**Q** 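Following this message is one structure expressed as structure tokens.
Treat the numbers as computed from the prediction; the structure is a model and nothing was measured. Residue numbers begin at 1 in each chain, while the letters A, B, ... track the order of the sequences.
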Amino acid sequence: MKPLWGARSISGKLIRMNLLVSATALVLASASFLVYDTYSFRENLLHSLHTEAQIIGANSVTALLFDDREAARSTLSALEGSPAVVSATIVGLDGKPFAVYARGDAAAIAVTTPLNPGVSEQQWKLGNQMLLGSRIRFQGKTVGTVYILAETSEVNQRVRRYVLIALTVLFICLVLTLLVTASLRRAIAGPIVELAKTAQKVTKEKDYSFRATPPRTHDEISVLVYSFNEMLTQIQTRDRALLKSRDELELRVAERTAELQTANREMEAFSYSVAHDLRGPLDTLGNATFMLRHSQNPGIDEGTRELLEMLPRMTERMSSLINDLLNLSRAKSVPLHLEPVDLCLVARVICEEMVKENPGRKVEMDLCTRAVTIADQGLMRVMLGNLLGNAWKYSSKVAAPKIEFGTRQMGDETVFYVRDNGAGFDPAMQDRLFKPFERLHTQNEFAGTGVGLATVYRIIARHGGRIWAESSVNHGATFFFTLGKVELR
Amino acid sequence: MSRAESWHRCRPRLNAAALLTAVCAFMVVASSVTQRPRESDVEAAYLFNFAKFMHASAHSPDSFTIAVVGKSAIGPMLGTITANEQIDGRPLKVVQPATVDAARNCDIVFLADTETPHLDKDLATLAGSNALTVSNAPEFLQHGGMIQFLVVNDRVRFKVNLDASNKEKIAFSSELLRVAMSVSGSPGGEAQP
């Protein structure tokens, strides 16, 4: 019976509500009837006592006037017809009992209190009894007083009987209420419970194909159930549409990715083959030039020889451009061979090579001692070669050039930096810095292909790192980059 | 409030009232023992009361007269009782006529027991006068009187002779007849409604 009395279910609440309402109504009705009945019983008793006192008084006048106690007694004996009357006494003007009546074995009225002056009738309540005193008057004069003692214990008896009946009716009503509510519960709570169960099932199993059974009635509950089902249908429709569009989207993305990958591969293959194929003729051109320059052919005059002297520089530039392009292409496509690499060591080797190649330049170097990270060694060499090469190149016109390479802790990240005190660049141009073939300086100021930093950017990106730069014109430049976890010692 | 509680609350008041009543009753009894009403006083009161329960044609519109004939102690008490009293709006008057003949004009005639020797003559004189005749003389009713006093168990009682009263067109209230010790004659007289 727990769900019946627990406050958790609607049907329990319904039953409790109905029981409470019926019980309250019944108790209130019974109580008011009881109060009214008790009151009216007392009123009636008082009224009949009053009437009896009047009759006895009227019939006792001559008995009192002519001192006929026997007549008064016979008058009083008429009270035998009133079951409520216990005893009665007629008191003469002298205050002494004139005639006495007592029912059965009841005692006569022990004490007769004189009436208050000016009052023709007075009553006293003595526990379960009621005493009524009434003056006997004849021709405007009081000739005596009649006292009637009646018991009101019948009131209590009536109250007891009444309460018993009320309790019985209450019990029957509650049972009937339970029965009626049970059928009502089927009509009201049933569909709601069913709806709640369906909702729970839908939520739990995330299956929107369930439907609540609509009730046969047409009320708010049926509207609720229909709306709920309609909502489920809408959710299903939306789900289907979502799934469809998602599938379409994935398909489209896959298509686009495939197209892009194909295009990329073709592009890389193209640039690689172009660079590679260009190198062959260039080498031949270089060899031919070398042979021409060193030929003792008298047919080559001084003017032609000067032109011939220009050719190696051009072929060299062409060669470095092709190298850079090959590097860029490789940076994108070469599979990564990840291994511990000490970037400081790589930087030192590169710097030593640069110093060896340019013995005339004096550059102050400040390089770190150890910074090991997991990376592709070859690509690291290309990347640092570009950055340090740039630093070397752009500091060439400064009186005391200086190049630094090291690490710095930024938050919980280890950041590498390459710094020079050279020409620097305009910070406004920073977004062009890492794009291929974009140059911030002219060929006359500083020679270059515009591919180096683009290659660097690709290599860093492939290692999952970031790169950025800080600079101002003529105050040098600093390139920062991250490569993930770094071991410094 | 419970019954027991109300009962307790009533009890002291009741006791005080009962005590007061008992004291009063004792005093009344004590005084009555010392001053027992005389027979003549009771008869005087009864005489006055008869006036209230009888119906007869009025002798005078100005007064209701009670005559006391013969030697009796009833006179002074009757005077005291009837002072300032009225019967049917007529002031009460008590007279003591020297002769019975003088009492013919009265509404009630009381014949003292001193009149016993000549009751027949007295009643004959009063015949047709429409007066109520009352006496404490023994055998009064047998002589044709209407109401006779007698003492039973120290109490004054009375007998009624309806035949005599009917003759004089006097009717008694049934209330009165109810308390009479005995009623002789038939009530079917003209004056009886």
Side-chain angles (χ1 to χ4, degrees), chain A residues 38 55-75 78 89-99 109-116 122-131 133 136-141 143-145 147 149 152-153 155-156 159-160, chain B residues 3-11 13-33 35-37 42-43 45-53 85-89 147 149 151-158 160 172-181:
Chain A
T38 312
I55 292 170
I56 286 170
N59 289 336
S60 315
V61 170
T62 46
L64 278 163
L65 286 179
F66 296 102
D67 197 19
D68 189 345
R69 286 158 197 263
E70 197 47 54
R73 262 195 293 277
S74 100
T75 303
T89 303
I90 292 174
V91 175
L93 280 178
D94 54 2
K96 284 192 280 185
F98 182 72
I109 298 173
V111 188
T112 49
T113 317
L115 266 60
N116 293 337
Q122 203 173 343
Q123 73 215 39
W124 296 269
K125 196 174 178 303
L126 311 170
N128 278 339
Q129 293 181 322
M130 187 187 281
L131 178 65
I136 303 172
R137 297 173 81 86
F138 178 69
Q139 293 188 347
K141 286 200 179 116
V143 295
T145 312
Y147 292 89
L149 183 70
T152 56
S153 57
V155 172
N156 299 327
V159 167
R160 269 197 298 277
Chain B
R3 255 171 51 193
E5 220 178 320
S6 72
W7 191 80
H8 276 297
R9 265 183 36 173
C10 282
R11 194 62 189 237
R13 211 169 53 202
L14 188 67
N15 279 346
L19 192 68
L20 192 68
T21 314
V23 170
C24 288
F26 175 75
M27 285 165 72
V28 168
V29 167
S31 65
S32 69
V33 164
Q35 270 191 331
R36 190 176 175 86
V42 176
E43 287 171 0
Y46 279 20
L47 216 49
F48 171 47
N49 286 337
F50 288 150
K52 300 170 186 171
F53 291 96
E85 292 285 351
Q86 289 186 338
I87 299 292
D88 296 334
I147 296 178
F149 286 129
V151 176
V152 179
N153 295 336
D154 284 348
R155 288 181 189 279
V156 178
R157 311 301 306 145
F158 64 91
V160 179
F172 296 112
S173 157
S174 62
E175 299 279 304
L176 181 72
L177 299 181
R178 200 167 72 90
V179 295
M181 204 181 124

**Q** Is B/Glu85 close to chain A through its backbone or its side chain, or both, or neither, when contacts mean heavy atoms under 4.5 Å?
**A** side chain
**Q** Starting at CG of B/Asn49, measure out to CD of A/Gln139 and round the result to the nearest 0.5 Å.
**A**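 If we round to the nearest 0.5 Å, B/Asn49:CG and A/Gln139:CD are 9.0 Å apart.
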**Q** What residues form a side-chain contact (heavy atoms from CB on, under 4.5 Å) with A/Asn59, not counting sequence neighbours?
**A** A/Ile55, A/Thr75, B/Glu175, B/Arg178
**Q** So, taking the atom named CZ in B/Phe158 and the one named CG in A/Asp67, what distance separates them when rounded to the nearest 0.5 Å?
**A** 11.0 Å
**Q** Who pairs with A/Glu70 by side-chain contact (heavy atoms from CB on, under 4.5 Å), at least two apart in sequence or on another chain?
**A**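 In terms of side-chain contact (heavy atoms from CB on, under 4.5 Å), with neighbours along the sequence ignored, A/Glu70 is linked to A/Asp68, A/Arg73.
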**Q** Less than 4.5 Å to any heavy atom of chain B: does that hold for the side chain of A/Ala72, its backbone, both, or neither?
**A** neither
**Q** Any heavy-atom pair between the side chains of A/Phe66 and B/Val156 that's under 4.5 Å?
**A** no
**Q** Using side-chain heavy atoms (C-beta onward) and a distance below 4.5 Å, is B/Phe53 in contact with A/Leu65?
**A** yes
